[in-house]
Amino acid sequence: DKRDATKLINNYYMVFPSLYSYIQNSINNALKSGELRTLAGRRCLINPLGTLTENRKKILKEILNRIGPKQGELYGTLVLKSLEEEYFKKSTPSEEMYIKRLLNVLNEGIYLNKVLKEIDFKIQELYRFIRNMPVQGTAADIIKLAISMIDERLTDKMSNAFIVNIVHDEILLETDREEAGEIANICIDAMTEASRQILKEIEIEVDCNIGLYWGDASLNNLRKGKK
């Protein structure tokens, strides 16, 4: 039920008000600047259309004239994207045809009204992406940095250990039984250091498990490092 989900989310934000403020600031900044950033500084442009050509600017201006300036350029951009997907999904039009076709559509008004009824879903979809990307993107930055550190340290040590797989925030390695404990400590230190470099004062726990295979490793926790 949508009401139950909304209540659950609101209660969560009441417990973590600073997280709510961070997310709202991220949304406002993203809408103003047209981009998102992770805590590591990686950028992600959120213009739904990519490059705004002169023809797109002309049609966007016409759309904003019809829907009103209060909705904002991002709203108008989503409308334009919907129009392009509807009328040019099978072929790329010439510049002349692009302008002519979309002006006719706007003048008729029928499809524009249909798009405006459906656009709220796309707005919410974009907001979900804006809320999610800085969090998931930062997690990805941390794991990439940790992978790089682990690889460098294994190379310096001239170890036979190597990375087999990465799943979300988990790094799976294969190594000789004799050096498993030492390699585990290298991984714990690298992942802890990577998170500290990006998250600064936020402390992160790192779990490390050793086993004969992946499933077996999940049952044998070596240690939990918290620094």
Side-chain angles (χ1 to χ4, degrees), residues 1-2 4-20 22-23 26-27 30 35-46 124-227:
D1 184 88
K2 187 175 181 180
D4 290 339
T6 301
K7 184 178 179 181
L8 180 64
I9 292 172
N10 289 339
N11 287 340
Y12 180 81
Y13 285 145
M14 287 177 66
V15 177
F16 301 103
S18 59
L19 177 61
Y20 177 77
Y22 169 76
I23 290 174
S26 295
I27 292 173
E35 68 175 33
L36 294 164
R37 286 181 181 268
T38 66
L39 292 182
R42 183 159 53 90
R43 299 169 63 226
C44 175
L45 299 179
I46 59 169
Q124 292 304 316
E125 189 177 54
L126 181 63
Y127 276 26
R128 280 194 296 274
F129 176 76
I130 291 174
R131 285 192 291 265
N132 187 57
M133 185 273 171
V135 177
Q136 295 294 335
T138 297
D141 291 341
I142 293 172
I143 202 69
K144 289 174 186 175
L145 181 57
I147 291 167
S148 176
M149 288 180 172
I150 291 171
D151 186 62
E152 288 178 2
R153 293 173 190 188
L154 292 180
T155 300
D156 292 343
K157 187 181 179 300
M158 299 182 68
S159 169
N160 291 325
F162 58 93
I163 295 174
V164 176
N165 199 6
I166 297 99
V167 182
H168 299 299
D169 59 352
E170 186 171 357
I171 303 174
L172 179 66
L173 290 90
E174 185 172 318
T175 186
D176 296 332
R177 185 192 296 265
E178 294 75 18
E179 65 172 2
E182 186 178 0
I183 298 302
N185 287 327
I186 288 175
C187 292
I188 290 172
D189 291 341
M191 294 182 77
T192 303
E193 185 178 336
S195 63
R196 187 185 296 120
Q197 282 191 24
I198 293 176
L199 298 179
K200 309 304 181 187
E201 70 274 9
I202 300 175
E203 296 184 350
I204 295 294
E205 285 190 357
V206 179
D207 290 337
C208 185
N209 304 315
I210 297 177
L212 296 176
Y213 51 89
W214 194 5
D216 180 48
S218 66
L219 304 175
N220 298 284
N221 186 267
L222 176 68
R223 75 170 187 176
K224 288 186 177 181
K226 186 175 183 181
K227 299 184 177 181

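Positions are given from 1, in the same order as the sequence printed here. The model shown is predicted, which means the values in this text are computed figures rather than measured ones.
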Chemist: When you measure from the side chain of Ser148 to the backbone of Leu145, do you find a donor-acceptor pair of N or O atoms at a distance under 3.5 Å?
Modeler: no
Chemist: Roughly how far, to the nearest 0.5 Å, is CG of Asp169 from CD of Gln136?
Modeler: 9.5 Å
Chemist: Hey, is the main chain of Ile147 close enough, under 3.5 Å, to the side chain of Asp151 for a donor-acceptor pair?
Modeler: no
Chemist: Taking the side chain as every heavy atom from C-beta outward, state whether Ile183 and Leu154 have any pair of such atoms under 4.5 Å apart.
Modeler: yes
Chemist: Given side chains that start at C-beta, do those of Asn185 and Glu182 come closer than 4.5 Å, heavy atoms only?
Modeler: no
Chemist: Quick one: does Asp189's side chain get under 4.5 Å of Arg153's, heavy atoms only?
Modeler: yes
Chemist: For Arg128, does its backbone N or O pair with a side-chain atom of Asn132 as donor and acceptor, under 3.5 Å?
Modeler: no
Chemist: Please report the shortest heavy-atom distance between Gly137 and Arg42, naming the atom on each side.
Modeler: O-NH2, 3.0 Å
Chemist: What I'd like to find out is whether the side chain of Ile23 reaches to under 4.5 Å of the side chain of Val135, using heavy atoms alone.
Modeler: no
Chemist: May I ask you to check whether over 12 heavy atoms, not counting those of Lys7, lie within 6.0 Å of atom NZ?
Modeler: no
Chemist: Please round to the nearest 0.5 Å and tell me the distance separating atom CG of Leu39 and atom NZ of Lys200.
Modeler: 9.5 Å
Chemist: Can you check whether Leu173 reaches Cys187 side chain to side chain, under 4.5 Å on heavy atoms?
Modeler: yes
Chemist: Taking the side chain as every heavy atom from C-beta outward, state whether Ile143 and Met191 have any pair of such atoms under 4.5 Å apart.
Modeler: yes
Chemist: Would you say the side chain of Arg131 lies within less than 4.5 Å of the side chain of Ile27, judging by non-hydrogen atoms?
Modeler: yes
Chemist: Would Phe16 and Tyr20 count as a close aromatic pair, with their ring centres under 6.0 Å?
Modeler: no
Chemist: Can you tell me how far the CG atom of Asp4 sits from the CD1 atom of Ile9, to the nearest 0.5 Å?
Modeler: 11.0 Å
Chemist: Can you measure from CG (Leu36) to OG (Ser26) and round to the nearest 0.5 angstrom?
Modeler: 7.5 Å
Chemist: Is the count of non-hydrogen atoms from other residues, nucleotides or ligands lying under 6.0 Å from Tyr127 atom OH greater than 12?
Modeler: no
Chemist: Any side-chain heavy atom of Asn11 within less than 4.5 Å of one from Val15?
Modeler: no
